[in-house]
Structures are given as C-alpha cells and as structure tokens.
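Keep in mind that the numbers below use all heavy atoms, side chains included, and drop hydrogens, waters and symmetry copies.
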Amino acid sequence: MDMRLTSLALVFASLFLFASSVYSASTVASVPNAAELSAEVESKVIAWRRDFHQHPELSNREFRTSEVIAKHLKSLGLEVQTGIAHTGLVAILKGGKPGPLIALRADMDALPVTEVVDLPFASKVTDTYRGQKVGVMHACGHDTHVAMLMGVADNLVKVKDSLAGDVMFIFQPAEEGAPEGEEGGAELMLKQGLFAKRKPDQVFGMHVTSSMPSGVIGLRSGPAMASEDSFTIKVTGKQTHGSRPWSGVDPIVASAQIINSVQTIISRQVDITKAPAVLSFGAINGGIRSNIIPDEVELIGTIRTFDQQMRADIKVKLAEVAANAAKTLGATAVTVIQSGYPVTVNNPELVSKMRPVIASVVGDNMLIEPGLMTGAEDFSYYALQTPGMFFFLGVTPADQDISQVASNHSPAFYVDESALRVGVQTMTQVALTALSVAQ
C-alpha cells in the first residue's frame, strides 16, 4: 500500500469528519425548538390573555381587541389586513423557503354573561344585547385563543427562514353568532374573500375546554362537533274562550301534540347507529290569560347532527311531522329553519399525521380522543374549503373534579393559565410539522 495515499486519505477523512461535525452542530442550532420558543413567550401570552379578559367585546364589536392584535402582528413585520367581516383581521407570514400555505385560526368574541369569578382581571364590562343591558365576559375562552395565536405568531416569526411555506393567521369575530340582522364569523370572512386570493392547503384551530384537565389535548378524527340549525314553528288555530274550546281551534294543544310527535323523528325515523342527533325545544310562546285560547303559538328549538345527509333529512321531516300533527287537531303549523353551522369534520389523514406530533409535545397519556360534541363551531366552514383539524385544550386544574367545574359559557368559567403554554407549543409544533421543519 502506498503510504502517501494512506496519509492523504487520513487527512481527507479528518477534514470530512470536522466539516460534518460543524455542519451537524450548526444544523442542530438552527432547528427551531417549539418548547423553548413557547417558554420564552409564555409571560406575554398570559399578559395578553388577562388584558383581553378584562376588556371583552361582543360579536362584531371586537374593535379594541382587533387593534391590539393588529399592533402586535405589525410589530412582527407581518402583512396585516383588517376590517374583514367587520372586525376580523388576517396576517401573512412568508417562510424562507417555498412550500404550502397553512392557516391558523383564533376567534375573538365574548358573550353576554356577567362574570362571577373572583379574579384581579375579572370583567366589569357591560353592553347592550337584544335591547337589554348585560355583563360581558370571555366565558368561552376566546381571550385565550387570541393570546395563544399571538404567541404562536411570535414563535414562527423567529424561525421564519426555516419555514418551507407560508402561514395565514386568522383572527375571527363573531364565532358565537352575529347580532340579529347582521352577518359575521367565518362564513362572512370567506364570503368576503378570505381564501379567494390563495386558499390554504390546511387549516388548524384550537379551543379551550373546562371538560378536560389542564394541559390535556383532545383530538378526534372525522366528525367532531355537531351541525347547528335553529327552527321556529308557527302554530295557528282559532281564538276562543277557555270555557268553550269546541268553538275554536286550540293551538296550545296542537303545539303539545307537535312537541311529542317530533321526538319520533330521532327515536324512530333516522338511523342513529350511523350518527347521533338531537332535536330540542327551547321556547314556547303563546297566550296571555288563563281563560283565553289564543290564535297562535310559537315554538323555537334547535337541531344537532353529525352527518350532512341526516341533517337535511331531519329538516324535511320536522316540517312534515309538525304540519301533520297540527292538522289532526284542525290547526296549521308552518316551520321555518335557520341553517347554522355545518358539522365540524377533522380530516382523517391530517389527524393521522398530527396525532404523533401532538403526543410528542404532551405525552401519550395527555392526548385523548374525546367523544362527539353536540356543541357547534363555525371553524366548520373553513374545513369545508380545505383539509382542517380542530382540537381541544383542557384548562381545568388537575386537582378539581371535572364533573363539578363550571362549563364553557358559564359565568363561573375558569381557565388554568398554565395550560396556555401547552397550547402555544402544540400549535407551534403542528405548524412546524406542516411546513416540513424537523426537530
């Protein structure tokens, strides 16, 4: 063997090993770490959350909230568009490499609820809702959603050069529903062209819940939250004196017949082995005196389903059953259905990809598959346009009994702020994975 060749080989090998070690060290140093990033931003996220909590705003009235968000996003150097769907805003983060566009969404609106939680930053805000003075509270945790997404934006901006793709940050108003006579929420944002210029390849959303312990993530494949439709049934009879019911047509008795009859739609007319469904009445209005049978009665209720075809079938059956039940007593029933949010469906392939990613953040024992939720979410509109994934973050302290804690929308709704760091880290890691950034 030529010793000169051997020496040269050793020199080249040494140089290769040195270069490799330098490359590996620089590569590791450049790889973004969601845990470290989220720890750094945690105090800011909590401060933002408390500020929003103390200054809640009702649907389509999130003016201050929008201004605070926009100011922060602009300070990060993002392109920000405001005034979408009244108070909504969108920011675009351009990654350092070509790739897909993903969307991350947070809702901003509060509820007409008077807070009873004893917090130094508890809401004292009041406003007018349906003509009445009401307290206003972030009783569903949208303040945390906004603060966490602001934190995620902060994280991703720091590592934007490593992102293979772009991020659309959606801050949406009126998830709880627009005021009467107004449009709003996700549907209006899409109607006004949110995805028109460039539709995201994937969309992600997160919601806090008191139904799970702090830091637990709930993720379900396929249908996850119900569709929501409200209905009004106008039952018309013929007014008469209460002492002479035979001389008129009693719409109150006809309404009772309708209420009982429509229960058979769910129990006898739809295949509940395919998906569950709920049909509930929430209000009955009719009559003013004990001895007067009125001309009309109004019934108001809601329909919840997890299958779009079943949803359509129930709407048709409701009108038919109500009309036929009233007819047997000589009355008429006209049903008007106000279509609400569609079924929230998590894309199975996206869930399959992201489940191990989330488990790597919180641990296998902290990632659960929750049951179907009969609550509704207008995130569903985004997921109809592009593959979507919506997951839940538990915010109830571990030492509390889940069955006894106040639910979302309660005036006693409480958030364990230590969970916010988990939420920020999880969404950051999901975004990094979607944009092909390995850790």
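- Asp201 CG to Arg198 CZ: the interatomic distance, rounded to the nearest 0.5 Å, is 7.0 Å.
- Contact between Met189 and Ala85 at its shortest, heavy atoms only, is CG-CB, 3.5 Å.
- A salt bridge links Arg421 to Glu42: one of the charged nitrogens lies within less than 4.0 Å of a carboxylate oxygen.
- Looking at heavy atoms from C-beta onward, Val430 lies out of side-chain contact with Thr433 at the 4.5 angstrom threshold.
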Derivation of the side chain to side chain contact (heavy atoms under 4.5 Å, CB included) call for Val80 and Thr82 | CA-CA 6 Å; Val80 181; Thr82 61; 4.0 Å; yes
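- Between Glu79 and Lys74 there is no salt bridge, since no side-chain N of the basic residue sits under 4.0 Å from a carboxylate O of the acidic one.
- For the residue pair His55 and Val125, the shortest heavy atom distance occurs at CA-CG2, 4.4 Å.
- Between Gly215 and Val362 the shortest heavy-atom distance is O-CG1, 4.0 Å.
- At a threshold of 4.5 Å between non-hydrogen side-chain atoms, the residues Leu104 and Val167 count as touching.
- Residues Thr273 and Asp271 have side chains that bring a donor and an acceptor to within less than 3.5 angstrom of each other.
- To the nearest 0.5 Å, atoms CD1 (Ile69) and CZ (Arg64) are separated by 10.5 Å.
- One distance of note links OG of Ser210 with CZ of Phe413; it measures 5.5 Å at 0.5 Å rounding.
- Here OG of Ser255 is found 12.5 Å from NZ of Lys234. Values are rounded to the nearest 0.5 Å.
- In Lys191, the NZ atom is not crowded: 12 or fewer heavy atoms of neighbouring residues, nucleotides or ligands sit closer than 6.0 Å.
- Among residues at least two apart or in separate chains, side-chain hydrogen bond (donor to acceptor under 3.5 Å, both in side chains) pairs with a member in residues 120-141 are Arg130-Glu180.
- Side chains of Phe392 and Met225 form a contact here, defined as non-hydrogen atoms less than 4.5 Å apart.
- Residue Ile233 comes nearest to Ala333 through the heavy atom pair CG2-CB, 4.0 Å, listed as atom of the first residue, atom of the second, then distance.
- Note that CZ of Phe195 is 7.0 Å distant from CD of Gln385, once rounded to the nearest 0.5 Å.
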Can you list, pair by pair, the side-chain donor-acceptor contacts under 3.5 Å of residues 86-95, counting residues two or more places apart and other chains?
{"residue": "His86", "atom": "NE2", "partner": "Glu183", "partner atom": "O", "Å": "3.1"}
{"residue": "Thr87", "atom": "OG1", "partner": "Glu62", "partner atom": "OE1", "Å": "2.5"}

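- Checked against a 6.0 Å centroid threshold, the rings of Phe204 and Tyr382 do not count as neighbours.
- Note: His145 and His207 have perpendicular aromatic rings, judged against thresholds of 30 and 60 degrees for the angle between ring planes.
- Side-chain contact check for Ile266 versus Val278: every heavy-atom pair is 4.5 Å or farther apart.
- Side-chain N or O atoms of Thr426 include none that pairs as donor or acceptor with a backbone N or O of Gly423 at under 3.5 Å.
- When side chains are defined from C-beta on, Asp154 counts as touching Leu76, because their heavy atoms get closer than 4.5 Å.
- Closest heavy-atom contact between Ala178 and Asn60: CB-ND2, 3.8 Å.
- Looking only at side-chain heavy atoms (C-beta outward), Met389 and Ile358 come within less than 4.5 Å of each other.
- Atom CD of Glu349 is surrounded by 12 or fewer heavy atoms from other residues, nucleotides or ligands within 6.0 Å.
- Checked for salt-bridge contact, Lys158 and Glu36 miss the test: no charged N lies under 4.0 Å from a carboxylate O.
- The closest side-chain heavy-atom distance from Tyr341 to Glu175 is below 4.5 Å.
- Pro370 and Arg220 make their closest contact through O-NH1, 2.8 Å (heavy atoms, listed as atom of the first residue, atom of the second, distance).
- Annotation: the span from Leu190 atom CG to Lys199 atom NZ amounts to 10.5 Å, rounded to 0.5 Å.
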Given the rule in the salt bridge (Lys or Arg N to Asp or Glu O under 4.0 Å) test, do Arg105 and Asp378 qualify, once you have shown the distances and angles that lead to the verdict?
-> CA-CA 11 Å; Arg105 173 268 201 170; Asp378 72 351; 2.8 Å; yes
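- No donor-acceptor distance shorter than 3.5 angstrom exists from the side chain of Ser59 to the backbone of Asp109, with no hydrogens or angles considered.
- A heavy-atom distance below 4.5 Å is found between the side chains of Phe52 and Thr65.
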